[in-house]
Amino acid sequence: MQRFKVPHIVSKEEIGIEPIELLTAFDLHDSIVESVEYLLNENKVLIKLELCRWKQANFDEFESEMQEGVLTFTDVDSFQIEPPSFLLNSNEVLDIKVHHESRSIEIILTGTDDVGKVSVIAKDIFWEEC
């Protein structure tokens with residue numbers, strides 16, 4: 001995978017602020033989640049998505065409007081998909097909720113007949129272009 005510069009979600013050591021703060025700086029609404037994978041042995045969560053670049057503040061109209069990539073959460077303390085029966089199949093992001101005290105991130109997704117939630121507590125977050 002090649003590193004993607006903008007938007008680039010990085011670790012605290014790289015930029016001096018908490019990664020959780022960066023999620024509030026990017027607009028993930030309407031982006032499409034293709035898959036979510038929990039790598040228990042590596043303590044990672046990988047969320048493959050199509051990012052709506054056109055919704056970002058720094059979007060250049062000469063760039064493509066969508067960007068495929070992977071959000072990687074490392075040093076994961078907790079991971080959950082609700083409801084347990086929720087099927088991931090090109091789901092749109094409705095909302096991102098960041099709970100600063102618990103460092104919990106909730107990604108609210110559309111479903112065929114319902115709404116799903118992916119919850120992650122992790123130390124770092126990285127964005128990589130596919």
Side-chain angles (χ1 to χ4, degrees):
M1 288 186 176
Q2 178 183 5
R3 286 271 188 213
F4 182 57
K5 292 184 180 178
V6 179
H8 179 95
I9 301 174
V10 296
S11 70
K12 178 180 179 181
E13 289 75 26
E14 289 181 88
I15 59 167
I17 64 173
E18 295 291 332
I20 200 166
E21 298 295 329
L22 289 171
L23 280 181
T24 60
F26 292 101
D27 188 349
L28 296 179
H29 184 76
D30 290 337
S31 294
I32 306 294
V33 173
E34 296 294 342
S35 66
V36 177
E37 187 176 2
Y38 181 39
L39 305 176
L40 182 62
N41 293 338
E42 296 179 41
N43 212 25
K44 289 183 183 179
V45 172
L46 308 175
I47 300 179
K48 184 176 180 183
L49 59 90
E50 290 183 46
L51 176 68
C52 289
R53 291 176 66 189
W54 59 272
K55 295 193 83 156
Q56 308 311 310
N58 59 355
F59 176 67
D60 180 345
E61 64 184 52
F62 298 107
E63 297 176 338
S64 65
E65 291 185 356
M66 302 296 284
Q67 175 62 60
E68 289 186 13
V70 177
L71 271 178
T72 301
F73 296 81
T74 61
D75 293 326
V76 173
D77 290 330
S78 175
F79 168 73
Q80 185 173 15
I81 296 177
E82 297 179 86
S85 60
F86 187 74
L87 297 177
L88 289 162
N89 184 17
S90 299
N91 308 84
E92 287 185 23
V93 175
L94 293 175
D95 196 14
I96 300 284
K97 295 181 181 179
V98 176
H99 303 279
H100 297 278
E101 299 80 32
S102 65
R103 298 182 50 85
S104 174
I105 298 161
E106 294 178 358
I107 303 171
I108 312 301
L109 304 170
T110 61
T112 305
D113 298 320
D114 56 359
V115 174
K117 177 173 69 171
V118 176
S119 301
V120 181
I121 298 174
K123 180 181 176 189
D124 288 319
I125 306 165
F126 299 90
W127 168 257
E128 293 182 303
E129 176 183 313
C130 286

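The basis for the numbers below is simple: all heavy atoms, side chains too, and nothing from hydrogens, waters or symmetry mates.
The line from CG of Leu46 to CG of Leu39 is 4.5 Å long, rounded to the nearest 0.5 Å. Note that CG of Asp113 is 9.5 Å distant from CG of Leu87, once rounded to the nearest 0.5 Å. Distance CD/Glu50 to CD/Glu68: 5.0 Å, rounded to 0.5 Å. Note that CD1 of Ile96 and NE2 of His29 are 10.5 Å apart. Values are rounded to the nearest 0.5 Å. Here the NZ-CG distance, from Lys44 to Asp75, works out to 9.5 Å after rounding to the nearest 0.5 Å. For the atom pair Leu49 CG and Ile107 CD1, the distance stands at 8.0 Å (nearest 0.5 Å).
For Ala122 against Phe73, the heavy-atom pair with the smallest separation is CB-CB, 3.8 Å. Taking all atoms of both residues into account, the shortest heavy-atom contact from Ser31 to Cys52 is OG-N, 3.1 Å. Pairing each heavy atom of Lys123 with each of Arg103, the nearest pair is O-NH2, 3.0 Å.
Among residues at least two apart or in separate chains, side-chain hydrogen bond (donor to acceptor under 3.5 Å, both in side chains) pairs with a member in residues 85-96 are Glu34-Ser90.
A chain of hydrophobic side-chain contacts below 4.5 Å, direct or via other Ile, Leu, Val, Met, Phe, Trp or Tyr residues, connects Tyr38 to Ile105. Neither Ile32 nor Leu28 shares a network with the other; the hydrophobic side chains, linked directly or stepwise wherever heavy atoms of I, L, V, M, F, W or Y lie under 4.5 Å apart, form separate groups for each.
Between Ser35 and Leu88, the closest side-chain pair of non-hydrogen atoms is not below 4.5 Å. Side-chain contact check for Phe79 versus Asn43: every heavy-atom pair is 4.5 Å or farther apart.
The side chain to side chain donor-acceptor pair (under 3.5 Å) check on Lys117 picks up Glu82, with sequence neighbours excluded.
Its side chain within the 4.5 Å cluster rule, Val115 clusters with Leu94, Ile108 among the Ile, Leu, Val, Met, Phe, Trp and Tyr residues.
The main-chain N or O of Ile121 is never found under 3.5 Å from a side-chain atom of Ser104 such that the two would form a donor-acceptor pair.
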(request) For the pair Val33 and Val118, evaluate side chain to side chain contact (heavy atoms under 4.5 Å, CB included) and give the outcome as yes or no after the intermediate values. (result) CA-CA 11 Å; Val33 173; Val118 176; over 6 Å; no
